[in-house]
Structures are given as C-alpha cells and as structure tokens.
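I have placed the structure first, in the form of structure tokens, so that the comments after it can refer back to it.
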There are 2 protein chains.
Amino acid sequence: MTKTKTLAARNALPLNEILAGDCIEVMNSLPEGSVDLIFADPPYNLQLRGDLHRPDNSKVDAVDDAWDQFGSFAHYDQFTRDWLAAARRILKPNGAIWVIGSYHNVFRMGAELQNQGFWILNDVVWRKSNPMPNFRGKRLTNAHETLIWASKAEGAKYTFNYEALKSLNEGIQMRSDWVIPICNGGERLKDDNGDKAHPTQKPEALLHRLIVGTTNPGDVVLDPFFGTGTSGAVAKMLGRDFIGIEREEAYREVAKKRLSKIRKFDREALEVSTSKRSEPRVPFGQLVERGMLRPGEELFSMNGRHKVKVRADGTLIGDDVKGSIHQVGAHLEGAPSCNGWTYWTFKRDGKQVPIDLLRQQIRAEMN
Amino acid sequence: MTKTKTLAARNALPLNEILAGDCIEVMNSLPEGSVDLIFADPPYNLQLRGDLHRPDNSKVDAVDDAWDQFGSFAHYDQFTRDWLAAARRILKPNGAIWVIGSYHNVFRMGAELQNQGFWILNDVVWRKSNPMPNFRGKRLTNAHETLIWASKAEGAKYTFNYEALKSLNEGIQMRSDWVIPICNGGERLKDDNGDKAHPTQKPEALLHRLIVGTTNPGDVVLDPFFGTGTSGAVAKMLGRDFIGIEREEAYREVAKKRLSKIRKFDREALEVSTSKRSEPRVPFGQLVERGMLRPGEELFSMNGRHKVKVRADGTLIGDDVKGSIHQVGAHLEGAPSCNGWTYWTFKRDGKQVPIDLLRQQIRAEMN
DNA sequence: TTCGCAATTGAATCGTTTG
DNA sequence: TCAAACGATTCAATTGCGA
C-alpha cells in the first residue's frame with residue numbers, strides 16, 4: 001500500500017467518533033487498510049445457568065444481558081468469523097489486533113484468528129489482583145482473563161515499543177502476564193441510579209499498557225465493541241485517534257460523556273497501578289510442591305519440644321492436631337497465634353534448619 | 001456405569017507401566033471408561049508435519065503442495081481431534097482431563113475440547129518465575145503457559161479437593177494463576193552427554209498441585225505424551241497409579257530409570273484436608289433423641305434477632321413458622337437458603353453455644 | 001475531621017442426597 | 001426420574017455510617 005493511498009484512507013475515516021450500529025456492518029463501510037490497531041472485547045458467551053449467591057446470601061449480579069446470549073458454539077463461531085474478517089479488512093498491512101476473553105470464548109477466538117491468517121505475537125494474561133472469589137468452592141478462583149496480540153499476517157511488521165514497556169516495568173523486560181486490578185472505585189462508571197453503567201468495563205491501566213506498547217502517537221485505534229469507551233478514553237489521553245463502534249445507545253451516551261471530559265496526556269490516575277510493590281507472600285505449601293520438603297518429613301519446633309509431619313497439601317499433622325504451620329504451632333504452645341515460619345525447623349545433615357530459610361530462597365528466586 | 005464394570009475395566013489396565021507406541025492406537029486398545037485423570041502435554045510444533053498421523057497411519061489429506069499455513073492447522077487439528085477422542089473414550093464418566101500448551105496450539109486444543117463435549121472447568125496460567133527472556137526485544141517475554149481443566153461432559157461430577165488446595169495456599173482459595181519455576185537444576189534430567197534429556201520437561205511442582213487438587217489416592221492418571229514421565233513420577237509419589245504412553249524409546253528409557261527411583265510418600269502424609277461436605281450427615285433430630293437438646297428448649301439465631309423452640313420431632317417452631325432448622329432460618333432471614341447448623345445457638349450456663357458443636361460431638365463419637 | 005467497623009460488590013459456565 | 005430437603009461456601013477493595 002502506498003503512502004498516498006494510506007493517507008487518503010485515513011482522511012475518509014470518521015476519527016474520534018462513536019459510530020452507532022452493528023460492528024460488522026459499520027466496519028464494512030470503512031475503507032480497507034486504514035486502521036493501525038484494533039482492540040476488541042466481544043461478548044464472552046458465558047452460558048450461565050441459575051442464580052448464584054454469596055455465602056452471606058446476597059445475589060451475584062450476573063452478566064445476563066441479551067448481547068451475551070448465543071444459541072450454540074456454531075452461532076458464536078459464525079459471529080466470531082464475521083467480525084474478525086471485517087476487522088481484518090480495515091486493518092493496515094502492518095496493523096495489529098488485540099482481543100480479550102475468558103475460557104468461555106478465547107479458545108474459539110484464538111483459533112479463528114489463526115484460521116484467518118492473523119499471526120499471533122503473544123498471548124497476555126491479565127492477572128486480576130482482586131478477582132471475584134469462587135463462592136461455592138467448586139473450582140479455582142477465576143483470577144485472570146486472556147488477551148491475544150496478533151499482526152495481520154506472518155512476517156508483517158508491527159509496532160512494538162520495547163523500551164517504553166521496559167520503563168513501565170521498572171527497567172525489566174515486560175512479561176506476558178500483567179497484574180492489574182479490576183475496574184472499580186471512582187473509575188467505574190455509574191448510571192443515574194448509581195448502578196454500574198456497563199457490566200464488563202475494563203480498567204484503563206490495561207488499555208494504557210497495551211496502547212503505549214503497540215501503537216505510536218497519531219495512530220488510529222478502532223474498537224468494534226466500544227461499550228463505555230475505555231479504549232477511546234485511553235487512546236485520547238495518549239494522543240492517539242480512536243474510532244468506537246457501539247450498538248447500544250445507552251452505552252454510547254455514557255462513553256460520549258466520558259470522552260468529552262478526557263484531555264490528552266491527562267493520565268495521573270494511571271500512574272498508581274504500576275508503582276506499589278511489597279514482599280511477595282509465599283505459602284508454606286510451595287515448599288512441599290517444589291520438593292524442598294517432602295510429604296512425611298518431620299518438622300521440629302525451635303525449642304525442641306514438639307515434632308510433627310508435613311502432609312502433601314502443606315498442612316502439618318501432630319499427635320492430636322492438624323492444620324497450617326501457624327495453627328499447629330499456636331495449638332502446641334497454647335498461644336493465641338504463632339508465626340510458623342520462625343517456629344518450625346527441619347533437619348539437614350544432622351543440623352536443625354529454620355524453614356524460613358527455604359522461604360527466603362524462594363523469594364530470592366522471585367527477584 | 002456400574003461399580004463392577006469399573007473394577008473390571010481397572011483390572012484390565014496396565015497400571016504403572018510405560019506403554020510403547022502411538023498414543024492414539026494405544027489408548028484405543030484400553031478399556032472404555034477406565035481412567036480417572038488424563039494429563040496431556042502434546043507436541044505443538046505446527047511445522048513438524050511428519051509428527052502427525054491418524055491411528056491407522058494414513059496420511060491426512062492436507063493442502064500440501066506448497067507450505068501452507070491453513071494446511072498446517074488442518075493437519076494439527078486432525079491430530080488433536082483424534083487423540084482427544086481417544087482420550088475421551090477411556091475416561092470415566094466422572095473423570096477429568098488437563099491439557100497444557102502455549103499460544104501456538106492451546107486455542108485449537110481448547111476449541112476442540114469444547115467441540116467434543118468436554119466441559120471446561122478452569123483455564124489455569126502457569127506463570128513461570130524464571131522464563132527465558134525475549135532476546136531480540138521484538139515481543140513480550142513469553143512468561144507463561146496455559147492449562148485447561150475439563151470434565152468429560154457438562155453436569156458430570158469431577159474430583160476437586162478444594163480444602164487441600166486452599167491449604168497449599170495457606171488458607172486462601174487457590175486462584176487460576178499458579179506461580180511455579182521452570183524445571184531446571186537437579187530436577188532437570190540429562191542424557192549421557194549432559195544435555196537435557198527432553199526439551200519441554202515440566203516441573204514436578206506443577207503436577208503436584210494438579211494431582212493433589214483433582215485426584216484421590218488410588219486414582220489412575222494416564223499421560224498420552226509421557227516424555228520423561230513427570231506426571232508418572234508425581235503420581236507415584238502421591239500414591240496414585242499411572243499409565244504412560246510414549247513413542248520414543250529414548251524418552252521411555254529415561255522415564256523408566258526415573259520412576260524406578262521414586263518412592264511413595266507415607267500414607268499419613270497423603271491424607272489431605274477435607275471439607276465438611278465429606279463428613280457424615282447428622283440429622284438434627286438426633287440431638288433431641290439423645291437428650292443433647294430438650295423438646296421445648298429455646299434456640300437463638302446467631303445474630304440474636306430470632307428465638308424459636310425445639311419440638312420433639314426435631315423441627316423448630318417460631319411465631320409464624322415451623323420446619324427444619326434450615327427452613328426456619330431461611331424464612332426468618334428472608335434468604336434463599338440457610339445452614340441451620342451454623343445459624344442457631346442454645347444457652348448453657350448463660351453462654352450462647354452454636355448447635356454445630358453438638359453435631360461435632362456426635363461425629364467425633366462416630367470415629 | 002478522622003478513625004474503625006460494617007456493608008457492598010466484581011465477566012461465574014459455582015451441589016448433593018434422599019425419598 | 002424428579003422434586004424436595006439438606007447445608008456448604010468468599011477475597012480484595014471501596015463505600016458508607018457512626019462514634
């Protein structure tokens with residue numbers, strides 16, 4: 001594609017607007033090869049069954065909107081094929097796409113990206129620092145979502161601001177797992193009733209990292225499932241142009257109002273999430289999983305008065321007590337609490353070694 | 001499936017052996033519905049077309065004139081379909097499967113799992129604490145791999161040792177992102193030249209968590225891509241039976257040697273924390289029958305707001321309601337459900353005592 | 001005004017046994 | 001087979017209220 005053609009296409013683009021309508025139709029009306037980056041957060045097809053209550057009997061506000069309902073995997077696949085094809089057409093040859101999803105839909109999206117010739121560059125895990133727990137204790141806490149970053153084709157050039165991401169990460173190469181809190185507090189948009197304006201608003205910090213890392217100032221970022229416009233808001237702050245497409249009028253209104261308040265380089269709120277760092281918590285169970293202590297191995301209290309055995313799940317078992325290193329220590333000492341890390345020792349080469357030494361080893365590895 | 005049939009199937013299984021051959025053929029030779037857990041770490045190099053073939057050794061009819069991306073995916077998909085179908089057949093109705101992969105193949109595996117009727121329970125991110133950096137600085141450091149945990153079908157039961165995993169995580173619900181170092185150091189198996197024996201040996205810590213969390217002692221764990229036998233080694237340590245399938249003789253030899261050195265942990269160490277759900281049910285009426293509570297005695301809600309009387313048949317009666325401890329609690333709180341055991345208290349020596357204490361007494365006597 | 005505790009909430013495929 | 005009854009289960013963060 002020639003430079004002239006690219007510029008012509010860009011001039012025909014409705015920049016920094018929210019377009020109403022079905023994203024496939026709207027994208028098909030835009031000029032081919034005209035967009036630098038597409039960020040897409042499509043419906044996840046959650047397939048929820050009944051209601052879910054928290055242990056305190058309060059009801060979980062589920063994502064049960066009509067836009068997330070699909071009759072079958074076949075229907076969802078057709079939908080995915082169609083919007084991805086439309087997205088690919090309007091992407092510049094050196095453009096790229098980000099999609100986000102959960103295990104309900106992300107495997108189908110990823111496979112279809114590959115089928116259509118997109119070239120996956122990374123999958124990125126958004127690790128939520130404060131996810132919703134699994135209330136019934138039937139599965140693991142769903143603590144992450146997956147993003148896929150892909151170029152338009154194998155061998156295509158793509159924008160990657162390596163140094164910018166490295167500085168965002170305190171001088172260390174940015175990894176494929178990003179720890180970012182979910183969107184709540186003041187950032188979470190509310191409607192007139194004080195309820196959340198959109199059930200799945202994404203945090204600006206996520207978009208910030210992704211736009212800084214994979215676009216340049218002046219680039220065009222298109223979002224076919226605009227919602228409340230997080231991608232547009234962050235693009236605007238960072239001096240990129242945006243195009244939003246959204247079917248629901250209520251969401252468009254919220255996004256419009258939000259965007260009117262955004263100023264370029266107005267991003268104080270974003271700096272917070274990257275700075276804080278504390279000593280990582282190391283569960284005792286990790287020492288067992290990693291083979292530093294064997295299930296069945298004996299631990300001895302620092303004062304030499306007590307002996308217990310380690311179990312495969314990282315609990316201890318003594319003559320009349322079982323539980324965590326802290327619980328068992330407290331029980332044996334008749335104390336209200338006990339720091340198991342400084343209380344227990346194990347034997348190596350005839351010597352008593354505090355288990356805290358093993359925790360320090362793990363922490364050293366983590367840095 | 002009847003108990004007898006299950007036992008018969010188990011007896012026909014070659015337990016704790018490494019079977020030579022193509023995993024699809026070997027799996028098809030095993031009895032249907034006989035395995036508790038499958039762990040699969042399949043090859044994902046989409047370019048290695050020669051690695052893939054059908055059970056009957058016929059060549060898949062791919063678009064194979066020139067090297068062609070879609071042809072390669074079609075080929076890989078056929079391979080995935082075949083081995084997953086074979087795996088599904090030998091899985092017990094209440095069995096489960098774990099697969100692991102990277103962005104090259106995991107989306108195709110996940111989609112095919114869903115297509116075959118497996119029901120995804122969680123996707124899990126193995127977050128590597130010491131990944132290989134991206135030397136060229138062209139992408140993000142690939143710092144994780146993805147696992148998928150799925151039951152055989154929607155609604156099927158599956159084994160999940162919630163409390164054990166919670167213990168491993170020092171009392172906090174286990175999340176879907178697991179931070180575990182890559183396999184190196186003494187754990188990494190070397191060949192006679194001192195080179196690594198297998199390119200993608202998985203850490204035992206990963207398998208430890210997964211086997212403790214989703215199987216019980218005595219379960220059968222099958223691995224169709226056994227490699228150097230990490231799954232078998234950890235299964236053996238943890239008192240599970242394993243079945244390994246591996247095509248390459250060199251890997252089988254390494255695994256065999258490795259497994260011969262593994263010893264099972266003490267039985268006591270293999271017992272893990274269990275939830276209340278696994279304890280025997282005690283009807284509330286027993287407390288009355290045994291004279292622990294007298295008919296006519298008053299119970300008070302934990303929050304102190306409600307008072308009811310115990311009747312001789314083990315039901316409660318309040319001002320405008322009667323029924324079981326659970327029904328009355330739920331009604332008085334206007335809640336969808338209520339655990340009466342933790343909701344009601346009685347008075348002894350002027351103190352409020354939870355009725356659950358009496359249940360614990362009865363359960364203690366039962367042991 | 002500030003501190004502390006209680007209440008609220010978030011993309012969720014979130015039971016099992018008995019009769 | 002199906003309905004009814006039993007009864008197990010939450011983490012981090014923010015907001016709001018009362019002292």
Side-chain angles (χ1 to χ4, degrees), chain A residues 41-65 67-70 73 76 100-106 126 128-146 181-188 190 194-196 198-203 225 227, chain B residues 114 118-123 150-151 153-158 160 162-163 166 169 171-176 274-285 303 314-315 323-330 335-344 355-356 359:
Chain A
D41 181 13
Y44 287 9
N45 188 23
L46 285 187
Q47 302 178 257
L48 303 179
R49 304 300 189 225
D51 286 346
L52 178 65
H53 293 90
R54 298 187 181 79
D56 66 4
N57 274 321
S58 62
K59 192 174 162 208
V60 174
D61 184 17
V63 179
D64 51 6
D65 308 69
W67 49 254
D68 198 43
Q69 307 300 323
F70 294 83
F73 281 133
Y76 189 80
I100 180 167
S102 65
Y103 66 82
H104 310 85
N105 70 324
V106 77
W126 167 27
K128 304 178 186 184
S129 53
N130 49 351
M132 184 158 70
N134 186 292
F135 295 117
R136 309 299 296 268
K138 301 309 289 184
R139 302 182 179 189
L140 302 164
T141 306
N142 218 323
H144 75 276
E145 292 185 28
T146 303
I182 59 174
C183 179
N184 60 9
E187 189 188 323
R188 189 78 194 227
K190 303 285 173 16
D195 298 323
K196 55 191 174 193
H198 191 283
T200 71
Q201 187 183 339
K202 296 294 175 289
F225 307 97
Chain B
Q114 293 179 312
F118 287 101
W119 194 247
I120 298 182
L121 299 165
N122 278 116
D123 60 336
S151 63
E154 183 184 2
K157 280 183 194 155
Y158 52 90
F160 182 55
Y162 175 74
E163 290 293 339
K166 194 170 164 179
N169 199 29
I172 294 168
Q173 199 171 74
M174 186 69 80
R175 300 168 37 117
S176 59
T274 54
S275 76
K276 283 189 196 168
R277 270 189 271 253
S278 56
E279 301 202 39
R281 199 175 274 208
V282 177
F284 176 73
N303 57 27
T315 58
S324 74
I325 52 173
H326 315 293
Q327 288 166 333
V328 173
S337 70
C338 171
N339 183 346
W341 289 107
T342 54
Y343 181 75
W344 294 108
I355 60 170
D356 203 31
R359 182 171 66 161

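For A/F135, there are no ring pair (Phe, Tyr, Trp, His ring centres under 6.0 Å) partners, not counting sequence neighbours. Taking B/Y162 as the reference, nothing meets the ring pair (Phe, Tyr, Trp, His ring centres under 6.0 Å) condition, with sequence neighbours excluded. Scanning for ring pair (Phe, Tyr, Trp, His ring centres under 6.0 Å) contacts around A/H198 gives A/W67, A/Y251, with sequence neighbours left out.
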Between the protein and nucleotides 15-19 of chain D, list every N/O to N/O distance that falls short of 3.5 Å.
none

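Using a 4.0 Å heavy-atom criterion, one finds that B/C338 contacts the bases of the nucleic acid, with or without backbone contacts as well. Residue A/T141 is out of contact with every strand shown, counting any heavy-atom pair closer than 4.0 Å. Residue contacts shown for A/P131 include a base, since a base heavy atom lies under 4.0 Å away. Residue contacts shown for B/K166 are limited to sugar-phosphate atoms, with no base heavy atom under 4.0 Å away. Counting non-hydrogen atoms under 4.0 angstrom, A/T200 reaches a base of the nucleic acid. As judged by a 4.0 angstrom heavy-atom cut-off over every strand, B/D123 is placed among residues making no nucleic acid contact. B/P280 comes within 4.0 angstrom of no nucleic acid atom, judged by non-hydrogen atoms across all strands. Among the heavy atoms of the strands lying under 4.0 Å from B/Q327 are primed sugar atoms or P, OP1, OP2 only; no base atom is included.
C/dT13 sits 25 Å from D/dA4 when the C1' atoms are compared, rounded to a whole Å. Spacing between C/dT16 and D/dT1 at atom C1', rounded to whole Å, works out to 16 Å. Here, C/dG10 and D/dG7 have their P atoms 32 Å apart, quoted to the whole Å. Between the C1' atoms of D/dT10 and C/dT9, the separation comes to 12 Å (whole Å). C/dA11 and D/dC6 have their P atoms separated by 36 Å, with the value rounded to a whole Å. Between the C1' atoms of D/dA5 and C/dA12, the separation comes to 25 Å (whole Å).
Residue B/Y162 places at least one side-chain N or O closer than 4.0 Å to OP1 or OP2 of D/dT10. OP1 or OP2 of D/dA8 has at least one side-chain nitrogen or oxygen of B/R359 nearer than 4.0 Å. In terms of phosphate contacts, B/T342 brings no side-chain nitrogen or oxygen within less than 4.0 Å of OP1 or OP2 of D/dA8.
Put simply, OH on A/Y103 and CG on B/L121 are 7.5 Å apart, with the number rounded to the nearest 0.5 Å. Taken from NE2 in A/H53 to CZ in A/R136, the straight-line distance is 9.5 Å, to the nearest 0.5 Å. In this structure, NZ on B/K157 lies 9.5 Å from NZ on A/K138, to the nearest 0.5 angstrom. Rounded to the nearest 0.5 Å, atoms CG (B/D123) and CG (A/L140) are 9.5 Å apart. The line from CG of B/N122 to OG1 of A/T141 is 8.5 Å long, rounded to the nearest 0.5 Å.
Ion pairing between a basic and an acidic side chain is recognised when a charged N comes within 4.0 Å of a carboxylate O; A/R49 and B/E154 show such pairing. Using a 4.0 Å cut-off between a side-chain N of Lys or Arg and a carboxylate O of Asp or Glu, A/E145 and A/K128 qualify as a salt bridge.
B/W341 places its CH2 atom 18 Å from the C1' atom of D/dT9, with the value rounded to the nearest Å. Atom-to-atom, CZ of B/F284 to P of D/dC6 comes out at 11 Å; the value is rounded to the nearest Å. B/R175 has its CZ atom 11 Å from the P atom of D/dC11, to the nearest Å. One atom, CZ of B/F160, and another, C1' of D/dT9, lie 12 Å apart when rounded to the nearest Å. In this structure, B/Q173 places its CD atom 13 Å from C1' of D/dA8, rounding to the nearest Å. A straight line from NZ of A/K59 to C1' of C/dT8 spans 16 Å, rounded to a whole angstrom. Computed from coordinates, the B/I325 CD1 to D/dC6 P distance equals 8 Å when rounded to whole Å. Atom CG of B/N169 and atom C1' of D/dC11 are 11 Å apart (whole Å).
Taking 4.5 Å as the limit, some side-chain heavy atom of B/R175 sits within range of a side-chain heavy atom of A/P131.
In DNA chain C, consecutive stretches of 3 or more Watson-Crick or G-U wobble pairs with both distances under 3.5 Å are given as paired ranges: C:2-10 with D:11-19, C:15-19 with D:2-6.
Between the side chain of B/N169 and the main chain of B/I172, a donor-acceptor pair closer than 3.5 Å is present.
In the set C/dT8, C/dA11, D/dA13, the nucleotide with an atom closest to the side chain of A/D56 is C/dT8. With C/dG10, D/dT9, C/dA11 as the choices, the nucleotide that has an atom nearest any side-chain atom of B/E163 turns out to be D/dT9. Distances from the side chain of B/H326 to the nucleotides C/dT8, D/dT9, D/dG7 place D/dG7 closest. Residue B/N339 places its side chain closer to D/dG7 than to any other of C/dA11, C/dT8, D/dG7. Here the nucleotide nearest the side chain of A/R188, chosen from D/dC6, C/dG10, D/dA8, is C/dG10.
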Please test A/Q201 against A/R188 for side chain to side chain contact (heavy atoms under 4.5 Å, CB included), starting from the C-alpha separation and ending with a verdict. CA-CA 7 Å; A/Q201 187 183 339; A/R188 189 78 194 227; 3.7 Å; yes
Test log, rule side chain to side chain contact (heavy atoms under 4.5 Å, CB included), inputs A/D195 and A/D61: CA-CA 11 Å; A/D195 298 323; A/D61 184 17; over 6 Å; no
Readout for nucleotides 12-19 of chain C: B = base within 4.0 Å of protein heavy atom, S = sugar-phosphate only, - = neither; 5' to 3' it is BBBSSS--
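Nearest-nucleotide positions on DNA chain D place B/S324 closer to the 5' end than the other of A/S129 and B/S324.
Classification of C/dT13 as syn follows from a glycosidic angle within 90° of 0.
In this structure, a donor-acceptor pair under 3.5 Å is absent between the side chains of B/S324 and B/H326.
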